[in-house]
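Numbered from 1 within each chain, the chains take letters A, B, ... in sequence-line order. Small disclaimer: the values here were computed from a predicted structure and weren't measured.
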Amino acid sequence: MSTTLFDKVWDSHVVRKVKDGPDVFFIDRHLIHEVTSPVAFVGLKSRGLSVLYPEKTFAVADHNTPTINQHLPVKDPLSANQLKTLEDNASEFGISHWGLGHQNNGIVHVVGPENGITLPGATIVCGDSHTSTHGAFGAIAFGIGTSEVEMVLTTQCIMQQKPKKMRININGNLLKGVTPKDVGLYIISQLTTSGATGYFVEYAGNVFENMTMEGRMTVCNLSIEMGARGGMIAPDNKTFEYIEGLAMTPKGADWDKAMKYWETLKTDADATFDKEFNFNAVDIEPMITYGTNPGMGIGISQNIPTADAVEGGKATYEKSLSYMGYEENEPMLGKKIDYVFVGSCTNGRIEDFRDFASIIKGKQKAKNVTVWLVPGSHVVESKIKEEGIIDILNDAGFILRQPGCSACLAMNDDKVPAGKYAISTSNRNFEGRQGPGSRTLLASPLVAAAAAISGVVTDPRTLI
Amino acid sequence: MAYDKYTTLTSTAVPLPIENVDTDQIIPARFLKATKRVGFGDNLFRDWRYNADDSLKEKFVLNNPIYSGKILVGGKNFGSGSSREHAAWSVYDYGFRCVVSSFFADIFKNNCLNVGVLPVQVSPGFAEQIFTAIYDDATIKLEINLEKQTITILSTGAQESFDINGYKKENMLNGFDDIDYLQNIKDDIETFATTRPF
Ligand code: SF4
């Protein structure tokens, strides 16, 4: 029978099917961080359970961590306590721990792929919804709750209903200035934030084939923002080249054996999906959001839609625009920006900093904006230095901070003040996401760069 | 976390007819710094309930003494965004045992089922009927019968049935959770693990 990539990976991980219930689903790799794991360990200990396969779990500190002076003790006592708790739990149960200052430290979804934890055909979970990032490698990867973190720790399994299957095909050539982030935001704007709820998405078409691994990660990362459980892309030579030789990828004969399996990981020609969408690459502009969910995005040259042109309730729409301080039908171009954040597991990889640098090179930071440039990991930070991007940044008046989630969710000190506008390369523009009262405009690193030097929403195509 | 057995719930309800309520609103990230599951109810909808100076936002429904009860009736696409289980904990710790909506985000729904909050998905029309009934009279009660999988507006008698998978239903009725189940089949899991290539 013809099957999809998703079926192949899912079905090979089902330990057993529960009658009238979910599948017992085996997890190959488990990532944990300091925010969603402590209560799971409390639960484990109170039931007197242990960790079944500590070598399959990796602990990374990222959500709470400061992005300057990481060598100093963490000032916020609550954050410090969470970081310490992660470290203690990892050491008590024999789990590898990449804490603050460790050379492998960074955002959990950036360091997983960098170290070969993320492999094609694997199942990967983490108590964080953007675990979908790892689907770029042909893995089934998704976010779980803390109760499920506890399940994985003690049994390496979770109980999951198999999602439905969706395929999103995009073909054609992307226009100048259009990045993977724009592709993701475009898809969400078309499907809305709940359009893929209950589905697992496969991205197909030459747009994704032509993307770098970094770009694929950006797109898969955003899958959750349209409600999908996760998104994945069939592995190809680019995938294999990326992972070959990484610290934790199979080596020698194991690699050859794995390759044989990985080469089978594609959707058969006549396999079917529960839902399928087709879009054209040329319809996608550089995108920006104007509202308080990631589905509220438009091409940067367009005006904010009127309430009757959008799906959903008028009251909710008006609440959202009033939070943003915007009116229907206004243009986005020229809107004042106070903060720029480049980073997160969506756009905190080397390619994103290359993009940012390409626009700001030889120019100067706008005086009215505060800019936080936060690499996704120490590896990214090192590359920024090795490639000389750091000099371009510094010459233009920017400084580079240290890795972590930072202003993506503002659990550390990188908070956008109430009422201020931030262009952010992260993934969520919810009310208060970047600090109480903050107003977030999601966009690509190119759009962020254009705003960082002009102080207003600017079409990056005018600067390329 | 195992929880109390879930029986029939009859209660007044709190209306929150806003769409796309995300988990960042249910519990803002800055309240996720605890290492134990305590006190999350206090910060449920924190920024909608309180001003920056901690004074009450009188208009928000949780601050309106007319509305109370163990059932929260939300707008479409409730619980989208971050996977934080803290959102389900805060709903539970505040005292809700059931959330009703015409559409739930996936992870939030799962998290609710794992912590003893029953997510009840109704048709958009039925959700409207509930809102109308509550706005007519805040003292009316809803009855959630998990065994029969029905939700009833007791004042009007209007009823709808809802879906829940049989396994989760049994768990909730008995106060079991997935960990209990998985522990019991550990031998199978360990055998399966030996077949994984990496
Ligand atoms: S960068 Fe943002 S979205 Fe990514 S893991 Fe960190 S908090 Fe979550």
Quick one: CZ on B/Arg196 to OG1 on A/Thr123, what's the gap to the nearest 0.5 Å?
6.5 Å
Separation between CG of B/Asn20 and OG of A/Ser320, rounded to the nearest 0.5 Å
9.0 Å
With the side chain counted from C-beta on, respond yes when B/Ser83 and A/Ile144 share a heavy-atom pair under 4.5 Å apart, and no when they do not.
no
At a heavy-atom separation under 4.5 Å, does B/Asp188 approach chain A through its side chain, its backbone, both, or neither?
both
Check whether B/Glu170 gets within reach of chain A through its side chain, its backbone, both or neither, counting any heavy atom under 4.5 Å.
neither
As an exercise, state the distance from OG1 of B/Thr35 to CG of A/Asp88, rounded to the nearest 0.5 Å.
10.5 Å
Under the 3.5 angstrom rule, does the side chain of A/Glu225 hit a backbone N or O of B/Gly81 as a donor-acceptor pair?
no
Above 12 or not: heavy atoms from other molecules or residues under 6.0 Å from NZ of B/Lys148?
no
Could you walk me through whether A/Arg47 and B/Asp180 pass the salt bridge (charged side-chain N to carboxylate O under 4.0 Å, His left out) check?
CA-CA 10 Å; A/Arg47 291 180 192 237; B/Asp180 299 323; 3.1 Å; yes
Please state whether the side chain, the backbone, both or neither of B/Ala34 comes within less than 4.5 Å of a heavy atom of chain A.
backbone
Between A/Asp128 and B/Arg84, is there a side-chain N and carboxylate O pair less than 4.0 Å apart?
no
What's the verdict on salt bridge (charged side-chain N to carboxylate O under 4.0 Å, His left out) for B/Lys33 and A/Asp76, showing C-alpha distance, side-chain angles and the deciding distance?
CA-CA 10 Å; B/Lys33 297 193 183 193; A/Asp76 173 9; 2.5 Å; yes
SB check A/Asp20 B/Lys168 (cutoff 4.0 Å)
no
Could you tell me whether the side chain of B/Gln25 and the main chain of A/Phe430 form a donor-acceptor pair under 3.5 Å?
no
In terms of side-chain heavy atoms, does B/Glu85 have a donor or acceptor partner in A/Thr36 at a distance below 3.5 Å?
no
Count the heavy atoms belonging to other residues, nucleotides or ligands that lie under 6.0 Å from NZ of B/Lys57, then report whether that count exceeds 12.
yes
